Amino acid sequence: MLRVVVMVSGGGTNLQAIIDSVKNGAITNTKIVGVISNNKNAYALKRAEENGIPEKCISPKDFDSRDAFNKKLLEEVKAFEPDLVVLAGFLVVIPPEMIAEYRNRMINIHPSLIPSFCGTGYYGLKVHEAALERGVKVVGATVHFVDEGTDTGPIILQKAVEVESGDTPEILQRRVMEQAEWKILPRAIDLIANGKVKVERNRTVILP
Ligand code: GRF
């Protein structure tokens, strides 16, 4: 049984997709053992509570230094004894010690087809604003392992989404979530839970 901790900062629609997928069997062999947020007002925490999942809020604002926060964050994550850490819209920089501890056991959902519209400064609506500004006709989402870079770890799954005329950043964001994020994040977790994802030379191999 894969023990999963999900880290969130906002509405938690990706967390909800994971919860629903565990419930309906789209994700097998998996238990969400905890949800951690840096934002006490994150609706994602309410989603966890409503589904009986232990949740914690750990905010950098409550610590005298970033080092103290980083230490506590890693402590709290480790306390859940996760096999996999899922970043689902978690907007805090992951400490290097935590990346090392969970190398190839921590994944992130990014709302673009990496390597487009990713890296420092590309998060939330900014990703979709940049895509519309560039005039691309296809966008999408990516699930990848987390390494020391920003959105640079081995890619696990991607799913493309068409840009439609009249799209605003908000409309496009919602379509990417509905048609891509909420599908590939649960699928990636199920693949990992069933031993189907290997990392070779910093690229993933998805086993049949
Ligand atoms: C999603 O758009 C995800 O791609 C990005 O942050 C957002 C989180 O949304 N990393 P939610 O909290 O899952 O609704």
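Whatever order the structure lists ligands and atoms in, that order sets their numbers, starting from 1. In this text the structure is predicted, and so the values were computed from the model without any measurement.
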**Q** What residue pairs, at least two apart or across chains, pass salt bridge (charged side-chain N to carboxylate O under 4.0 Å, His left out) with a residue in residues 175-189?
**A** E164-R175, D167-R175, R174-E178

**Q** With respect to I107, which candidate in V143, V146, V197 satisfies the side chain to side chain contact (heavy atoms under 4.5 Å, CB included) definition?
**A** V143

**Q** Say whether N14, considering both its backbone and side-chain N or O atoms, lies within less than 3.5 Å of an N or O atom on ligand 1.
**A**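 Yes, since at least one N or O of N14 sits under 3.5 Å from an N or O of ligand 1.
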
**Q** List the atom of V127, the atom of P111, and the distance in Å for their closest heavy-atom pair.
**A** CG1-O, 3.3 Å

**Q** Could you find the nearest protein heavy atom to atom 5 (C) of ligand 1 and give me its residue, atom name and distance?
**A** G89 CA, 4.0 Å

**Q** With the threshold set at under 4.0 angstrom, would you say A44 reaches ligand 1 through any of its heavy atoms?
**A** no

**Q** For atom 11 (P) of ligand 1, tell me which residue out of V143, T13, V6 has the closest non-hydrogen atom.
**A**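 Minimum heavy-atom distance to atom 11 (P) of ligand 1 goes to T13.
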
**Q** Among all protein heavy atoms, pick the one closest to atom 12 (O) of ligand 1 and tell me residue, atom and distance.
**A**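 I find the closest protein heavy atom is G12 N, 2.8 Å.
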
**Q** May I ask you to decide if F117's main-chain N or O and S112's side chain share a donor-acceptor pair within less than 3.5 Å?
**A**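 Indeed, once roles are kept as given, a pair shorter than 3.5 Å links the two residues.
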
**Q** Strictly under 4.0 Å, does any heavy atom of I109 approach an atom of ligand 1?
**A**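 Distance cut 4.0 Å: I109 passes for ligand 1.
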
**Q** Which heavy atom of the protein is the closest neighbour of atom 3 (C) of ligand 1, given with residue, atom name and distance?
**A** E181 OE1, 3.1 Å

**Q** Compare every heavy atom of V92 with every heavy atom of F69, then report the nearest pair and how far apart it is.
**A**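 Looking at all heavy atoms of both residues, the shortest contact is CE2-CG1, 3.6 Å.
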
**Q** Taking only heavy atoms of P111 into account, list the atoms of ligand 1 that are under 4.0 Å away from them.
**A**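 Answer for ligand 1: 4 (O).
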
**Q** Between CG of L2 and CG of N29, what distance do you get to the nearest 0.5 Å?
**A**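 Here the interatomic distance stands at 7.0 Å.
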
**Q** Check this for me: F63, atom CZ, are more than 12 non-hydrogen atoms of other residues, nucleotides or ligands nearer than 6.0 Å?
**A** yes

**Q** Just which atoms of ligand 1 are under 4.0 Å from any heavy atom in M177?
**A**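 Counting atoms of ligand 1 from 1, those under 4.0 Å from M177 are 1 (C), 2 (O), 9 (O), 14 (O).
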
